[in-house]
Engineer: 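I have a structure I would like to understand better, so I am pasting it below and will then ask my questions one at a time.
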Protein chains: 2
Amino acid sequence: MKEINSRMEPRKSAPTLEDVAKTAGVSTATVSRCLNDPDRVVEATRNRVMSAVQALQYTPNFGARVMAAKRTFTIGAIIPTMDNAIFARGLQAFQEALHARGYTLLVSSSAYRPEVEEEQIRALVARGADGLLLIGHDRDVPIYEYLAQRKVPALAAWSYIPDGRIPSIGFDNRTAMYALTQEVIDHGHRRIGMISGVIQGNDRARFRLEGMQDALVANGLDAAMIPPIETPYEIENGAAAFAKLMAGAEPPTAVMCGNDVLAVGAMIGARRLGLRVPQDVSITGFDDIELARIVSPALTTVHVPHREMGRKAADALVDMVEKKTSGQSAKLGTTIMTRGSLGPCPRPDGQG
Amino acid sequence: MKEINSRMEPRKSAPTLEDVAKTAGVSTATVSRCLNDPDRVVEATRNRVMSAVQALQYTPNFGARVMAAKRTFTIGAIIPTMDNAIFARGLQAFQEALHARGYTLLVSSSAYRPEVEEEQIRALVARGADGLLLIGHDRDVPIYEYLAQRKVPALAAWSYIPDGRIPSIGFDNRTAMYALTQEVIDHGHRRIGMISGVIQGNDRARFRLEGMQDALVANGLDAAMIPPIETPYEIENGAAAFAKLMAGAEPPTAVMCGNDVLAVGAMIGARRLGLRVPQDVSITGFDDIELARIVSPALTTVHVPHREMGRKAADALVDMVEKKTSGQSAKLGTTIMTRGSLGPCPRPDGQG
DNA sequence: ATTGAAAATGTAAGCGCTTACACTAAGGGA
DNA sequence: TCCCTTAGTGTAAGCGCTTACATTTTCAAT
């Protein structure tokens, strides 16, 4: 009776390692090794175990695995916003690369607010993230100390600096913007305005602004001539800032923007004012999002290899988590995409 | 020596429940109850425990919690893409609501590919997701059975149907598109083209197309007169499809699009062909993304309350997970936003 | 054959938490 | 006064896995 009963009893719950071990006729340790480090098990045994896994449709219990291995196989990422395509794209690649390495991605967003970011960092660490992807380097020291104390490896992306508190995989925002500014100057522009993102807690925005101002100074121009406008990355803000910039007595002939979103806003602002781009005013962006090629005229901007960055960041971070390396920073190249929105200065003689 | 040594020894690792229990002078069970169900502990004790938690900076170990509670406090969401702002926005609200209920969100994307979605579902379940948010209802039966067998509650969003295999929080795509089509017809259009998203595995796209065709028929028009074009949701595809649609002998006077992305593409296509919107041709979208208000002319489209949907979906799903309810579906309202891209039919007499 | 090192596998001790159950103390009704 | 209920707390048994260490097997060198 008992046998029949036990044979007929339906599965009460998911099969465990022990069930697999039993059907394969080995110990749980061997099954575990088959799954985590197959090379340590001889082929014949491995085959036997694998068929048992197949037969039972065994899936390891996540919680138990985490508990015993003291790792969650989870990487956390905190990005400013999901609304900007650049992060969406980079994260996509990041996620794919993590997946290939057996890790899952946990994302949250900070809305560009440092205090929210800090809370999210703590939340992800509490949730057992094995490593963290952060954007940029500008944040308070205590949070770096917290990370160090908890021994959670972290990596910064979208901004490369050689000597940050944590390693970074990214590009040099300052140099890129410097080069783009030089391009604008080479087109004859002397009165150049800037619509920057919010600098506070955002080193990418800061470096871009600095790079632009450095280039002005290097070309003998007064960086303070047209004060930059700082505004959150929203299309409408770009339009508003553009209007403000053009309202001055001697408006700029070129307006450089902290990113493509602001630049598209600026183009809309120009349209509203009845200004033609680039005949009346040139506009540049940064990031080379899809929209940059679609607006008319197409946007002159800086192309950033978001996907490559995501992929490399994933590999670097997993290495830090697994091999306990301190992390290898990498600087990625950017490309200036000169397109229709940048034209020659409309009144090259009236200034300088 | 020993005492001094042990006193000076730095924390080897994070404090555990037991450490808290010891400092508070209670049992681990009491500490656990303080954290998870405070009402079951008398106030004096609770205060003592809470100070100990504070003093030790105690954070529960995630893995242990998961293992013992047999829940991960994680909700998985599988969306078609992060590239479309509508999902980004809805998910944002979803995540905030989950956070308020003590859950974390795990996101992955399927790139609109059913087999990828299925793999992601299995991956999230294996990872212990307590519940799943899915988009729409069109998927193979076995995956629903898998979910049922594993007892993982799932909820569909962005598409409301009253009698699906899983409950849904969303809107009626068919009715919304029907209403929009009626609006187009009321503007005098009789030759109406459609650029639809890919129908396969996407009930939202399917319902929108059906709603449009139903409206045509209800108005005595031939739904097959201009065959709809089916193409993935990409701006460039919208432009290409538009060009194809206008290349016929008797091109449509209005082109309705499966979503705003395609519609923006169609507007770009029109610009390339030298067609004015809406004087030469009207264009409509669906979703009311930010871009819809920014293009010129602004896009006539269907507004969907993405944030509200995300919030409601989170509450419904957590209820399913915690209270073991079978899940309450909800239908959300949509609004037709009539804007510049829809105008009167340019040649109202030459047809019908 | 014999031996010993190396390879393969087994044994079993946790990992830190939740929770069923046990126990104690405090009232309330008889 | 005694018993029974109930609220508050403690005890301890897992949860399913990984891995240090122990044991067995294999096999090359003698």
Side-chain angles (χ1 to χ4, degrees), chain A residues 11-50 52-53 56-74 102 125-128 130 150-151 321-322, chain B residues 11-50 52-53 56-74 102 125-128 130 150 322:
Chain A
R11 274 236 76 70
K12 279 174 149 39
S13 57
T16 69
L17 240 211
E18 202 177 339
D19 295 330
V20 176
K22 223 166 278 173
T23 26
V26 298
S27 72
T28 59
T30 300
V31 178
S32 176
R33 282 188 284 256
C34 273
L35 266 24
N36 297 313
D37 196 357
D39 291 340
R40 295 189 48 198
V41 174
V42 85
E43 189 175 347
T45 315
R46 201 189 323 142
N47 290 152
R48 207 141 34 89
V49 170
M50 288 316 193
V53 167
L56 295 177
Q57 291 263 53
Y58 170 74
T59 321
N61 176 294
F62 172 72
R65 186 136 183 263
V66 165
M67 162 127 238
K70 297 188 195 301
R71 311 202 280 129
T72 56
F73 309 95
T74 298
V125 170
R127 210 157 169 311
D130 293 333
R150 291 299 210 107
K151 299 207 197 328
V321 168
E322 290 186 347
Chain B
R11 274 236 75 71
K12 277 175 153 36
S13 56
T16 69
L17 241 211
E18 201 176 339
D19 296 330
V20 176
K22 224 166 276 173
T23 26
V26 297
S27 71
T28 59
T30 299
V31 178
S32 176
R33 282 189 283 255
C34 273
L35 265 26
N36 297 312
D37 194 357
D39 291 341
R40 294 188 51 196
V41 175
V42 85
E43 190 175 347
T45 314
R46 200 190 322 143
N47 289 153
R48 207 140 34 89
V49 170
M50 287 317 194
V53 167
L56 296 177
Q57 291 263 50
Y58 169 74
T59 321
N61 177 292
F62 173 71
R65 188 137 181 263
V66 165
M67 161 126 235
K70 297 188 196 301
R71 311 202 281 129
T72 56
F73 308 94
T74 298
V125 169
R127 211 156 168 312
D130 293 334
R150 291 299 209 107
E322 291 186 347

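The chains referred to below are lettered A, B, ... by the order of the sequence lines, with proteins before strands, and numbering in each begins at 1.
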Engineer: Quick one: list whatever passes side chain to side chain contact (heavy atoms under 4.5 Å, CB included) with A/Ala68, sequence neighbours left out.
Structural biologist: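 So A/Ala68 forms no side chain to side chain contact (heavy atoms under 4.5 Å, CB included) with any residue.
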Engineer: Of the non-hydrogen atoms in A/Pro60 and A/Arg65, which two are nearest, and what is the gap between them?
Structural biologist: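 Nearest heavy atoms, A/Pro60 then A/Arg65: CB-CD, 4.3 Å.
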Engineer: So, the side chain of B/Asp130 versus the backbone of B/Arg71: is there a donor-acceptor pair under 3.5 Å, distance only?
Structural biologist: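 No; judged by distance alone, with no hydrogens or angles, the pair does not exist.
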Engineer: Considering residues at least two apart in sequence or located in another chain, which fulfil the side-chain hydrogen bond (donor to acceptor under 3.5 Å, both in side chains) criterion with B/Thr28?
Structural biologist: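 side-chain hydrogen bond (donor to acceptor under 3.5 Å, both in side chains) list for B/Thr28, sorted by chain: empty.
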Engineer: Using side chain to side chain contact (heavy atoms under 4.5 Å, CB included) as the criterion, list what pairs up with A/Ala24, not counting sequence neighbours.
Structural biologist: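 If we apply the side chain to side chain contact (heavy atoms under 4.5 Å, CB included) test to A/Ala24, skipping adjacent residues, the hits are A/Val26, A/Val49, A/Ala52.
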Engineer: Tell me, which of residues 58-69 of chain B have any heavy atom that sits under 4.0 Å from an atom in DNA chain D?
Structural biologist: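 Per residue number, the list reads B/Met67, B/Ala68.
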Engineer: Using a 4.0 Å cut-off to any heavy atom of chain A, which nucleotides of DNA chain C are the first and last in contact, reading 5' to 3'?
Structural biologist: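 Both ends considered, the range comes out as C/dA8 to C/dG16.
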Engineer: Take nucleotides 4-10 of chain D nucleotide by nucleotide from the 5' end and write B, S or -, depending on whether a protein heavy atom sits under 4.0 Å from the base, only from the sugar-phosphate, or from neither.
Structural biologist: ----SBB
Engineer: Five pairs per end, C1' atoms only: what is the angle between the end axes of the helix from C/dA1-D/dT30 to C/dA30-D/dT1, to 10 degrees?
Structural biologist: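 The helix from C/dA1-D/dT30 to C/dA30-D/dT1 shows an end-to-end axis angle of 40°.
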Engineer: Please report the shortest heavy-atom distance between B/Gln57 and B/Pro15, naming the atom on each side.
Structural biologist: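 Heavy-atom minimum between the residues: O-CG, 4.3 Å.
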Engineer: Looking just at side-chain N and O atoms, do A/Ser27 and A/Arg33 make a donor-acceptor pair shorter than 3.5 Å?
Structural biologist: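 The criterion, which ignores hydrogens and geometry beyond distance, is not satisfied for A/Arg33 and A/Ser27.
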Engineer: Write out all pairs satisfying side-chain hydrogen bond (donor to acceptor under 3.5 Å, both in side chains) with one or both partners inside residues 37-49 of chain A, taking only residues at least two apart or from two chains.
Structural biologist: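 Pairs touching residues 37-49 of chain A that pass the test: none.
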Engineer: Check A/Thr23, A/Asp19, A/Thr16, A/Leu17 against A/Val31 for a side-chain contact (heavy atoms from CB on, under 4.5 Å) and give me the one that passes.
Structural biologist: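 With A/Val31 as partner, side-chain contact (heavy atoms from CB on, under 4.5 Å) holds for just one option, A/Leu17.
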Engineer: Apply side-chain hydrogen bond (donor to acceptor under 3.5 Å, both in side chains) to B/Asn61 and list each qualifying residue two or more places apart in sequence or on a separate chain.
Structural biologist: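 Here no residue qualifies.
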Engineer: Run the salt bridge (Lys or Arg N to Asp or Glu O under 4.0 Å) test against A/Lys70 and tell me which residues pass, sequence neighbours left out.
Structural biologist: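 By the salt bridge (Lys or Arg N to Asp or Glu O under 4.0 Å) rule, A/Lys70 matches no residue at all.
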Engineer: Ignoring hydrogens and angles, tell me if any N or O in the side chain of B/Asn36 forms a donor-acceptor pair with the backbone of B/Ser32 under 3.5 Å.
Structural biologist: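 Confirmed, B/Asn36 side chain pairs with B/Ser32 backbone.
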